[in-house]
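Below is one structure, written out as C-alpha cells; the observations come after it.
Order of the sequence lines sets the chain letters (A, B, ...), proteins ahead of strands, with each chain counted from 1. These numbers were taken from a predicted model, which means no experiment stands behind them.
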Amino acid sequence: MDDNTIICRCEDVTWGEIREQLDKGYTTMDEIKRITRAGMGPCQGKTCQRILLHAIARYLNKKVEEIPLSTFRPPTKPIPLGILAGGQDD
Amino acid sequence: MIDRADIVIIGGGIQGCSIGYNLAKKGQKNIVILEKETVASGASGRCGAGFRQQFGTEMNCILARESVKIFEQLSDELEYDIELNQRGYLILAYTEKEVEQFQKNVQLEHSLGIPARLITPCEAREIVPVLDTKDVLAATYCPTDGNVNPLLTTFAYAEAAQRMGVKLYQFTEVQKIETNKHNIEAVVTNKGRILTDTVINSAGGYAREIGELAGVEIPVYAQRHQIMVTEPIDPLWVPMLMSFSRNFYFQQLPHGSILGGYGDPENEIIGHNTGSSWQFAVTMAKKMTALIPVLTNVRIVRQWSGSYTMSPDSQPILGEHPQLKGFYMSVGFSGHGFMLAPITGIMLAEYILEGDTPLPIEKLHITRFERGELILEPSVV
C-alpha cells in the first residue's frame with residue numbers, strides 16, 4: 001500500500017490523504033470520515049471501512065478491535081427517492 | 001492534563017472552537033477546550049451546511065450578515081479550505097400571509113445592506129429551471145447566501161486555536177463545576193480537575209445540563225432534527241431551496257449530493273435522540289420529488305440527525321449568567337448555531353475581554369426572558 005492506493009473507491013480517497021490526517025493527530029474512524037469523506041459514498045463504507053480499520057490499527061500499532069467503528073446509518077443500501085416517495089407512510 | 005486555566009470552554013463544536021480561536025487571537029492565554037467526544041461530533045458536524053441572511057428580525061439579519069463577511073475570508077484567515085460557496089438561497093412563499101411577511105423581510109434586509117429580492121415564480125424558474133413552481137406565489141432570493149463544509153470549518157477553527165496555544169482535550173467529559181456562592185472555583189472532568197474562575201458553556205444540546213452542573217438554570221432544550229443525503233449526481237441546480245409554510249430545505253452541494261431536512265417540533269420528543277426514522281425519509285423524499293420531479297431516480301445513501309438547542313424565542317443566549325460570575329453562555333441557537341458562529345465567537349470574546357462589543361449583545365442576554373423582551377423570528381424551518 002502506497003500513498004496513491006485508493007482506500008475509499010466511492011469518494012476517491014487515497015491512503016496518502018488518510019495518512020496525512022493520521023499524522024495531524026486525527027486517529028478515529030469518525031474524524032477521518034468527516035475530514036476525508038472516506039466511507040461517505042454510495043456504499044457507505046461497506047467496501048472501505050474494513051481496509052481503513054486495518055490501516056489505522058497498523059499506523060497506531062494497535063489491535064483492530066481497539067479501534068472504535070464509526071456509526072452505521074440507514075438506509076442499509078441506497079434507495080431511489082421515487083420509491084420512498086411512493087411508499088406507504090407506515 | 002493541566003490543573004489550572006484562565007478560561008475553560010465546555011464543548012468542542014463550532015461555538016466553542018470559534019470562541020476559543022477569537023479569545024486567543026485577542027491575546028488571551030491559558031484557554032482550554034473540553035470536548036466529551038471529538039471536535040464537531042455533535043450538532044456542528046450534523047447540520048445542513050447552509051448559511052443565509054434572509055431573516056425576519058433585525059437581530060438575525062445583522063448577525064447573519066456579519067457572519068457571511070467572515071465566512072467570505074475565513075479560509076485565508078484560518079489557513080484551511082472550508083469549501084465556501086455562495087450559491088444563494090431561494091425561499092418559496094405558498095400563502096398570502098407568507099408573501100406579506102417576505103415583503104417585510106426584504107424591506108428589512110435592504111435597510112441592512114443584504115442583497116435579497118422578492119421575485120415571481122417565473123423568475124424563480126429562471127434561477128432553478130428544474131423547479132416545479134406549482135402553488136408558489138412568490139419567492140425571495142439572496143445570491144450571497146450559501147454553504148460551507150461545517151465539519152472542515154469546525155476543524156479549521158480548532159486547529160487555528162491550537163496553533164495559538166489553546167489546549168483541546170477530547171474524550172474529556174465535564175462531571176462537576178465547583179462554585180463558591182457566586183463564583184466558579186474549578187471544573188472537574190473524568191481526566192482531572194482544572195482550577196478556573198471563568199467557564200464558557202458552548203455545549204450545544206447539552207447546554208442545559210452544563211448549567212445544572214453549575215447550579216444555574218438555562219431555559220433551553222435539545223430537540224432532534226433529521227436530515228438525509230443522496231448519492232452525488234451531475235450539477236442540476238444552484239441555490240438552496242427552502243419553504244417555511246411547506247417546511248423543508250434542500251440543496252445540491254458542490255460535491256454533487258443533495259442534502260435536505262425539515263423540522264417536526266410538534267412530534268419530536270425533547271431530549272438527546274440522534275436516531276433516524278423511516279417516516280422522515282419518506283416525507284422528505286415526497287417533498288423533494290414534488291419540487292424537483294427529475295430526482296425520482298436519485299438514491300438516498302444516508303440519513304442522520306442532530307440536536308437543535310431551542311431557546312424560548314428561537315434566538316441564541318449570549319453573555320454572562322446573572323447568578324454566577326464568570327459563567328458565560330453561547331447557547332440556544334435553535335438551529336442557526338453553525339451559520340452564526342463566526343460572529344458570535346467574536347462578540348463573546350470581545351464581551352469577555354473588553355466588557356463590550358459593537359453588536360447588540362445585551363439584547364441576547366438571558367435576562368430578556370424575565371424582562372419579556374423576546375426577539376421572535378418568523379422565518380424558521
Side-chain angles (χ1 to χ4, degrees), chain A residues 6 8-13 17-49 52-53 56 60 62 66-90, chain B residues 37-41 44-46 80 83 149-152 154-156 158-159 162 168 170-171 226-233 250 253 255-258 260 274-305:
Chain A
I6 303 263
C8 169
R9 288 188 285 184
C10 298
E11 295 284 343
D12 271 344
V13 185
E17 291 170 275
I18 286 162
R19 191 186 43 74
E20 198 185 315
Q21 297 308 323
L22 286 164
D23 288 345
K24 278 173 83 174
Y26 295 107
T27 55
T28 66
M29 295 277 284
D30 270 335
E31 287 169 304
I32 287 170
K33 176 179 166 183
R34 291 183 191 128
I35 297 169
T36 67
R37 303 193 56 85
M40 282 195 187
C43 94
Q44 288 295 294
K46 285 189 198 69
T47 316
C48 66
Q49 196 165 65
L52 186 56
L53 190 65
I56 293 174
L60 296 174
K62 285 185 172 178
E66 290 175 80
I67 312 297
L69 293 172
S70 56
T71 314
F72 283 98
R73 301 193 188 279
T76 307
K77 64 184 246 188
I79 311 171
L81 288 168
I83 297 217
L84 275 171
Q88 296 299 310
D89 285 355
D90 52 6
Chain B
E37 289 175 32
T38 55
V39 166
S41 55
S44 303
R46 298 159 185 267
Y80 198 125
E83 299 177 358
N149 183 319
L151 295 159
L152 299 186
T154 313
F155 288 120
E159 288 184 16
Q162 289 177 87
L168 168 69
Q170 300 200 116
F171 303 108
Q226 300 193 65
I227 210 161
M228 68 188 201
V229 70
T230 71
E231 62 193 326
I233 57 167
F250 65 98
L253 292 167
H255 168 262
S257 53
I258 297 155
T274 51
S276 299
S277 77
W278 177 253
Q279 177 65 44
F280 169 81
V282 168
T283 308
M284 193 66 216
K286 284 180 180 163
K287 290 173 191 259
M288 287 163 89
T289 50
L291 234 70
I292 306 210
V294 294
L295 292 180
T296 306
N297 293 320
V298 180
R299 301 177 303 169
I300 85 153
V301 295
R302 185 168 67 254
Q303 58 178 123
W304 68 95
S305 71

Scored by heavy-atom pairs under 4.5 Å with chain B, the best of A:Thr71, A:Leu81, A:Thr76 is A:Leu81

May I ask you to list the residues in residues 19-30 of chain A that approach chain B closer than 4.5 angstrom, counting heavy atoms only, ordered by number? A:Lys24, A:Tyr26, A:Thr28

Residues at least two apart in sequence or cross-chain that pass salt bridge (Lys or Arg N to Asp or Glu O under 4.0 Å) with A:Glu11, listed by chain then number, are A:Arg37

Most contacts with chain A, counted as non-hydrogen pairs under 4.5 angstrom, among B:Asn149, B:Leu152, B:Ile258: B:Leu152

Under a 4.5 Å heavy-atom cut-off, does chain A meet the side chain of B:Ser41, its backbone, both or neither? both

In terms of heavy-atom proximity below 4.5 Å to chain A, should B:Gln170 be classed as side chain, backbone, both, or neither? side chain

Value for CD1 (A:Ile83) from CD1 (B:Ile300), rounded to nearest 0.5 Å, stands at 12.0 Å

Return the CD1 to CE distance between A:Ile79 and B:Met228, rounded to the nearest 0.5 Å. 9.0 Å

Is there side-chain contact between A:Met40 and B:Val229, with at least one heavy-atom pair below 4.5 Å? no

Check each atom of B:Tyr80 against the heavy atoms of chain A and say whether the ones under 4.5 Å are side chain, backbone, both or neither. side chain

Which donor-acceptor pairs under 3.5 Å do the side chains of residues 288-298 of chain B make with protein atoms, sequence neighbours left out?
residue: B:Thr289; atom: OG1; partner: B:Ala285; partner atom: O; Å: 2.7
residue: B:Thr289; atom: OG1; partner: B:Lys286; partner atom: O; Å: 3.4
residue: B:Thr296; atom: OG1; partner: B:Pro293; partner atom: O; Å: 2.7

Top residue by heavy-atom pair count (under 4.5 Å) with chain A, among B:Met284, B:Glu37, B:His255? B:His255

Taking side chain as C-beta onward, heavy atoms only, is A:Pro42 less than 4.5 Å from B:Arg299? yes

Please name all residues satisfying side chain to side chain donor-acceptor pair (under 3.5 Å) with A:Ser70, sequence neighbours left out, ordered by chain then number. A:Gln49

Cut-off 3.5 Å, side chains only: do B:Thr38 and A:Arg34 have a donor facing an acceptor? yes

